[in-house]
Amino acid sequence: MSATAKPCLEIRSLSAVLANGQRVLRSVSLAVQPGEVRALVGESGAGKTMIGKAVLGVLPKSVRIVEGEMIIEGEDLGRLDAKARRTLIGARTALIPQDPLTALNPSRRIGPQMTDRLVRILGWSGDRADSRIRQLLDEVQIRDPERVLKSYPHELSGGMRQRVLIAAAFAAEPRLIVADEPTTALDVTVQKQILRLIAELQRDHGTAILFVTHDLGVVAKISQKVSVLYAGKVVEEAATVDLFASPQHPYTRALMLATPRYTDPYASLKPVDETVLAGLAAEIAAADQAWRPSHG
Amino acid sequence: MDKARTSSRRTSPRLWLAGGWLLLALLAAILAPLVAPQDPLAQDLMLERLPPFWLDGAEPGYWLGTDSLGRDLLSRLIFGGRIAFIVAFAAAASACLIGSALGLIAGYFGGWADRIISRVVDIWLAFPPVLFAILLVAVLGTGLSSVIIAIAVIDWTRFCRVIRAEAMSQARMDYVESARIAGYGRMGIMLREVLPNVLPSVVALLSLEMGIAVIVEAILSFVNLSISTDDPTWGGMIAEGRLSIHQAWWVLVFPLTTLILTVLCFSQFGEGLKARFDPVLR
Ligand SMILES: Nc1ncnc2c1ncn2[C@@H]1O[C@H](COP(=O)(O)OP(=O)(O)OP(=O)(O)O)[C@@H](O)[C@H]1O
Ligand SMILES: [Mg+2]
């Protein structure tokens, strides 16, 4: 991959605050190159979902972006009006959500729900959308598409629903997919299948993915690059192989020690060290200090 | 599929029984001039307080007996049904339309729209409904249309509150967010994604409201504030029946039973429909 290729997604120094002024994102910068999987890893509450929502333009009302740029394929979202931004996001991106039950409309059958977007937003003909959806259902290894297309979401298993959502995400050939913990709500055996499916489709379609997870095992399996997030701040960024070979930041090392291994599930498990957390707190306080004068 | 079939069979009896009675009553009301055995207004002092057909002294052709002016009860019930159904449909539909639309907007859009609509609802609910109705009819004047307007004006909040809460919880669902990401407009999402999910509740409330409208109309008739006293109404019949309860219980009991049964059937029918049309409950 050449260094001059235009990134699929670039986030520059993105900061966001809650209504009470508390910062949830602290000058986050990261880039996802075309066709690359970047993992975004961090503990619960680190702000992983916030970054995904910011990119997709669906931040909750209580969260306000106070600085930074988000650029999708060279287009700065901040410079577009609301309508153009929606169009760009709708055409170039898609989401694979965490909870496959609530991400599907409970009162609509799967078929119309999937084709609707291709027809109404992208202006495809009904036949083209229909055959596209069937092709994708085949790619996610759904063997009885007729039944699935006629089903309501609650009539499918969690794994099936997640397959449907993956098919839906890839259907419109987005350039970037945000996958927000797409396997967390599933049981372990299904998790592996779903992860493999996402990796397969990603490779076949050459789609870039921003893959949000709190699981370093998943990071190792699926991503080429990784950003480690703590309290809304990127504390380390590296190629995935390098990160596992030589983690630089003490928090990354602590996170690795806190992750169970298949070979030795219980032995090396440790909560994140007190001194590491104290170091992080100091780091974040310093960053906030440096940030406030120019923005407060 | 199997699950769906068994549970819809379970909900069937109440849907069919309630629906059956409502259909029967509705058809009788529509075809009243054809099916009513007597003229509902014809008085005959020779025939006053005839008992229903199974008691001694009953006259053929006067199945449920007559009131103190000798008017046929069954015919009066059938004709009274006309007003009951007109009020039920018109008032409930208006209340439903206003209330559901405002509730949907408040619940889905939130923010300003929600604050204003919710405040109005709070103010509305501060009035005792029956007093409110009597007041409104007193201002608007008696008559069918003022009864309908009064019920709609009072009861839209019933729809608004429920639909607002449901739209609000739907709006938080991820499928709404996914629709946003895909590029759907807010209006489109509200109507195409959220509305179908609150529709079963709208239908159930609508049916319940029809029952309530029948009661309110009866109350207004009872206190002589509904339509002209010549046309038979269930409420008016109950008011009259109350006066002769000791001499002829049937004059009170039949209209009262008809009223209660109809109201009950409306609410059961609504619940049955909801269970039927909600894909998650089904
Ligand atoms: N709707 C909201 N309004 C205000 N604050 C929120 C909202 N949602 C999340 N937050 C806060 O923003 C911060 C980041 O949350 P976020 O959901 O991005 O974390 P996460 O890294 O995705 O965690 P998890 O692994 O639990 O999903 C948290 O401190 C959270 O409390
Ligand atoms: Mg999250």
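Given the structure is predicted, the values throughout are model-derived calculations rather than measurements. Proteins come first, then strands; the chains are lettered A, B, ... in the order of their sequence lines, and each starts at number 1.
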Check: For chain B, which of A:Asp116, A:Leu88, A:Val178, A:Leu101 has the most heavy-atom pairs under 4.5 Å?
Finding: A:Asp116

Check: Given a strict heavy-atom distance threshold of 4.5 Å, which part of B:Arg172 is in contact with chain A: side chain, backbone, both, or neither?
Finding: neither

Check: Quick one: of A:Ala91, A:Gly57, A:Ser107, who has the most non-hydrogen atom pairs under 4.5 Å with chain B?
Finding: A:Ser107

Checklist line | Exam field: side chain B:Trp124 to backbone B:Val153, donor-acceptor pair closer than 3.5 Å | finding: yes

Margin query: At a heavy-atom distance under 4.5 Å, which candidate from A:Asn105, A:Leu56, A:Val58, A:Leu165 has the highest pair count against chain B?
Written below: A:Asn105

Item checked: Contact class of A:Arg108 relative to chain B, heavy atoms under 4.5 angstrom -> side chain

Notebook entry, point to check: What's the verdict on salt bridge (Lys or Arg N to Asp or Glu O under 4.0 Å) for B:Arg161 and B:Glu166, showing C-alpha distance, side-chain angles and the deciding distance?
Noted result: CA-CA 9 Å; B:Arg161 280 190 316 171; B:Glu166 292 211 356; over 6 Å; no

Next item on the list: Give, as side chain, backbone, both or neither, the part of A:Lys61 having an atom under 4.5 angstrom from any heavy atom of chain B.
Entry: side chain

Item checked: A:Arg120 versus chain B, the contacting section by heavy-atom distance below 4.5 Å -> side chain

Checklist line | chain B contact via A:Ile89 - side chain, backbone, both or neither, heavy atoms under 4.5 Å | finding: both

Item checked: Options A:Gly90, A:Ala103, A:Pro60, ranked by heavy-atom pairs under 4.5 Å with chain B, top entry -> A:Ala103

Checklist line | Nearest-0.5 Å distance that lies between atom CD1 in A:Ile51 and atom CE in A:Met70 | finding: 10.5 Å

Checklist line | Which of B:Asn197, B:Val176, B:Val194 touches chain A most, by non-hydrogen pairs under 4.5 Å | finding: B:Asn197

Margin query: Checking the side chain of A:Arg175 only, and the main-chain atoms of A:Glu73 only, is there a donor and an acceptor separated by less than 3.5 Å?
Written below: no

Check: Does any donor atom in the side chain of A:Arg38 or A:Ser227 lie under 3.5 Å from an acceptor atom in the other side chain?
Finding: yes

Margin query: Pair A:Asp180, A:Lys48 - check salt bridge (Lys or Arg N to Asp or Glu O under 4.0 Å), show working.
Written below: CA-CA 8 Å; A:Asp180 192 351; A:Lys48 308 182 293 292; over 6 Å; no

Note to self: Donor-acceptor pair, distance only, cut-off 3.5 Å: does the side chain of A:Gln162 make one with the backbone of A:Pro182?
What the structure shows: yes

